[in-house]
Amino acid sequence: MKEYSNFKDSFAAHRNSTGVSYMEDQNDPVKMVLGHKDVRKCAFDWKKFQSGAVPGRIVVPSEVNIRDIRQIPFEVDPPEHTAYRSLLESWFKRPLAADYEQRLEVLVETMLSDIATKTSFNVISDFSLPLQSKALTFLLNTPIEEANTWISWGTHVFRSDETSLDSSKATVLFDYLDQKIDQAELNPKDDLYAVLLNAEFEGRKLTKEEVKGIMILTFAGGRDTIINTVTNTFAYFAENPKKLTFLAENPTTIPLAVEELIRYFSPLTQMGRVVTADTEVCSHAVKKDTRISLCWASANRDEKVFENPNTVQLDRKNNPHVAFGFSHHKCLGATHTRQLMKILLKNMAAKRIKINILDAKEKMEALGDTQRKVGFESLVVSISK
Ligand code: EMZ
């Protein structure tokens, strides 16, 4: 039975009846918008549904109690958002450059060869987390040794095993960034810190606070999301080994397969917005200053848009998924993630890697009257020789 690679749709019943679902979160409840069309409509309407009101409030669970620094550009609304975004766009497209791709290729190939020599290993601590951290050094253009520090922080920069909001962990990241930004000011290298400190923004330089806000997002946004995507991919191919043969024989399908796995796993369940005036979503009244969320995970299983939404169809052609968000706030790290996943699939397929799951503990997210599997707390596997 294919159990570990089965990521159920937790939202169908609500999506097909009322179109919304409801969850409590630290006395700041969230009305979750579930349908693909409604999610896109609300994501587009930044005047009614705001991102920038209070730093941390659009994240679910809300991070208002652990940080007051704004993540940029994701907690900023247009028109400021547009200006920040265009400042960052070209740097975050660097993963498309041939030499960047080549470095990623070497990293992935070496790490896959290394794990193949082990009797058994935990995919998260021995592969996904170090891969995410090392790949991030390429995106920042910092020495690869920096990854060792980031690996020691675990899979999430704000969450720990003990608590879903860990302010002491947040402090570790914030202090680290203050130090790196100060160093880059004194002794600039050609890394993202120095590029940001020198960037022209609306006729002035960015403040250190702004640089820090951009860096926090770079560290936090693409961390558990990438780690879960990579780990879930191992679970998927463990239980569907023939699909790797299919990719090896049909390499042009790999970019479609990347999109399909990301749609299916939807590593970021939802993102919130703050309602700016009394209004309606899916014919439900919502009050000013309450929260809604755009539930990407539900929209990505909407049967009105996706044929057989609960089946992984690696060569799915029409795939308007919203796993990277929608409209102006679309994920800035998407190019990096797509490249990483493309290279991962290519190398797993080339090696015809045969994964056996030995032990697994699934990671569940509580979402009101339902819950959703987003990944694994632990996934212990072996590779057949
Ligand atoms: C925030 C968020 C960004 C948040 C695109 O998502 O990712 C979450 O994992 C973080 O906790 O702070 O960066």
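Ligands are counted one by one from 1 in listed order, and the atoms in each one are counted from 1 as well.
Contact annotation for Asp224 and ligand 1: only side-chain heavy atoms (C-beta onward) come within less than 4.0 Å of the ligand. With a 4.0 Å heavy-atom cut-off, ligand 1 is reached by the side chain of Arg67 but not by its N, CA, C or O. The proximity of Val157 to ligand 1, defined as any non-hydrogen pair under 4.0 Å, does not occur for either the backbone or the side chain.
Close approach of ligand 1 to Leu217 (heavy-atom distance below 4.0 Å) involves ligand atoms 3 (C), 13 (O).
Put simply, part of Met271 is less than 4.0 Å from ligand 1, judged by heavy atoms.
Ring centroid separation for the pair Phe306 and His36 comes in under the 6.0 Å cut-off.
For Lys41, the NZ atom counts as loosely surrounded, since its 6.0 Å shell holds 12 or fewer non-hydrogen atoms of other residues, nucleotides or ligands. Atom NZ of Lys205 has more than 12 neighbouring heavy atoms from other residues, nucleotides or ligands inside a 6.0 Å radius. Under a cut-off of 6.0 angstrom, the local environment of CD in Glu307 is sparse, with at most 12 non-hydrogen atoms contributed by other residues, nucleotides or ligands.
Inspection of the Ser298 and Asp9 side chains reveals no N or O donor paired with an N or O acceptor under 3.5 Å. Side-chain contact of Arg273 with Ser293: a donor-acceptor pair under 3.5 Å is absent, judged by distance alone.
Between Tyr176 and Trp150, the ring-plane angle classifies as perpendicular under the 30° and 60° cut-offs.
Glu63 OE2, 3.5 Å is the protein heavy atom nearest to atom 10 (C) of ligand 1. Of all protein heavy atoms, the one closest to atom 9 (O) of ligand 1 is His156 NE2, 3.1 Å. In terms of protein heavy-atom proximity, atom 13 (O) of ligand 1 is nearest to Gln71 OE1, 2.6 Å. In terms of protein heavy-atom proximity, atom 5 (C) of ligand 1 is closest to Leu268 CD2, 4.0 Å. Of the protein's non-hydrogen atoms, the one nearest atom 7 (O) of ligand 1 is Gly221 CA, 3.7 Å.
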